[in-house]
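Take a look at the structure set out below.
On a predicted model such as this, the values are computed, not experimentally measured, just so you know.
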Amino acid sequence: MNAGHDAVEAMGNEQAHLESSYVVGAEEDDHGRLIGSFTDNDRTFGIRLADTDQGRNSASLLISKMYATRGYNVARMERDPNRITLSASDKGSLIGTVTLGLDSERGILADEIFHDHVDAFRARGARLCEITKLAFDPQVKSKAALAALFHTLFIYARYIHGRTDVLIEVNPRHRRFYQTMLGFVDQAELRHNTRVDAPAYLMWLSVEHMAHEIARLGGTSSHAGTERSLYPYFFSSREEEGIANRLIKIG
């Protein structure tokens, strides 16, 4: 279940402008490794791999704050080798977080209530991952910061872990956001998600579809025209290549 879409809805038609390219780094502190930073409308945002206790705790606090407003119950984040948590910060303050879950012998969270559909993907040879625990401060009006989280997650999924298909469990009120902004497609009827005690749809997106949309629209936010999706705010193909190569090297 996700609260981050509220930030995008609140932005209306505001156009973000990336004034400098994404700068990849490898600095590390108590909050985790700084993957890179970029400037959007004179504000510098950092994208970090939240792989430390402090990083996970900070992400958990933001998730709890955002999800509590919707009445969702969310467990604290624990260290898990099959989950990659990213965070976005503004002047040291955490403004967003999202987690990529990798399918393994332990399965993924979506197995709990959509096991039949998840197994159908596996039977077709899909290398699955799932997006969970998206939270984004609605006071921060930056589509580019939200897109940077999703794009970095995409790079981990495609280039580092070779995933082919993305699943997400979505509350009905968030469904249109994922359809319109990222291209997710419904895969199952509405069911009750016992983890957060709320209804959920299972939605799917091909990693190749994301790659196509990034190649077509990434880096075009300054002249996105009538395009309503989030993809124009993703990085350009050139920037993506640089980020991917650097992340592969540093692991």
Ignoring hydrogens and angles, tell me if any N or O in the side chain of [X] forms a donor-acceptor pair with the backbone of [Y] under 3.5 Å.
| X | Y | answer |
| --- | --- | --- |
| His151 | Phe234 | no |
| Glu213 | Met210 | no |
| Tyr231 | Leu182 | yes |
| Arg163 | His161 | yes |
| Ser142 | Ala145 | yes |
| Arg48 | Ser87 | no |
| Asp80 | Asn82 | yes |

Show me the donor-acceptor pairs within less than 3.5 Å that the side chains of residues 88-97 make with the rest of the protein, sequence neighbours left out.
residue: Asp90; atom: OD2; partner: Arg43; partner atom: NE; Å: 3.4
residue: Asp90; atom: OD2; partner: Arg43; partner atom: NH2; Å: 2.4
residue: Thr97; atom: OG1; partner: Leu86; partner atom: O; Å: 2.9

Can [X] and [Y] be counted as an ion pair, charged N to O under 4.0 angstrom?
| X | Y | answer |
| --- | --- | --- |
| Arg106 | Asp111 | no |
| Glu189 | Arg191 | yes |
| Arg238 | Glu241 | no |
| Asp51 | Arg33 | no |

Given the rule in the side chain to side chain contact (heavy atoms under 4.5 Å, CB included) test, do Glu130 and Leu109 qualify, once you have shown the distances and angles that lead to the verdict? CA-CA 8 Å; Glu130 67 178 349; Leu109 293 177; 3.2 Å; yes
Is there a donor in the side chain of Ser237 and an acceptor in the side chain of Glu240, or the other way round, less than 3.5 Å apart? no
Classify the angle between the aromatic ring planes of His209 and His212 as parallel (below 30°), tilted (30 to 60°) or perpendicular (above 60°). parallel
Atom [atom1] of [X] and atom [atom2] of [Y]: how far apart are they, to the nearest 0.5 Å?
| X | Y | atom1 | atom2 | value |
| --- | --- | --- | --- | --- |
| Thr152 | Ile84 | OG1 | CD1 | 11.5 Å |
| Leu100 | Leu149 | CG | CG | 12.0 Å |
| Tyr156 | Leu102 | OH | CG | 11.0 Å |

Close side-chain approach of [X] and [Y], heavy atoms under 4.5 Å:
| X | Y | answer |
| --- | --- | --- |
| Thr180 | Ser229 | no |
| Met203 | Arg175 | yes |
| Val185 | Leu205 | no |
| Ile113 | His192 | no |
| Asn171 | His174 | yes |

Checking Leu134 against Leu146 for the side chain to side chain contact (heavy atoms under 4.5 Å, CB included) test, could you report, in this order, the C-alpha distance in whole Å, the side-chain angles of both residues, the deciding distance, and whether it holds? CA-CA 10 Å; Leu134 170 65; Leu146 182 60; 4.1 Å; yes
Within 45° of the ring axis of Phe154 and under 6.0 Å from its six-membered ring centre, is that where the NZ or CZ of Arg158 lies? no
Stepwise side chain to side chain donor-acceptor pair (under 3.5 Å) test for Thr99 and Thr132: CA-CA 5 Å; Thr99 293; Thr132 65; 4.5 Å; no
Dump the intermediate steps for ring-ring contact (aromatic ring centres under 6.0 Å, His included) on Phe45 and Phe38, then the final yes or no. CA-CA 6 Å; Phe45 296 94; Phe38 67 94; 5.7 Å; yes
Check the hydrophobic clustering (I, L, V, M, F, W, Y; side-chain heavy atoms under 4.5 Å; chains of links allowed) and say if Met181 and Val98 are grouped together. yes
Verify the cluster assignment for Val207 and Phe121: are they in a single hydrophobic cluster under the rule of side-chain heavy atoms below 4.5 Å apart? no
Can you name the closest pair of heavy atoms from Gly162 and Arg127 and give their distance? O-NE, 2.8 Å
Shortest non-hydrogen contact between Ala110 and Leu202, atoms and distance: CB-CD1, 4.2 Å
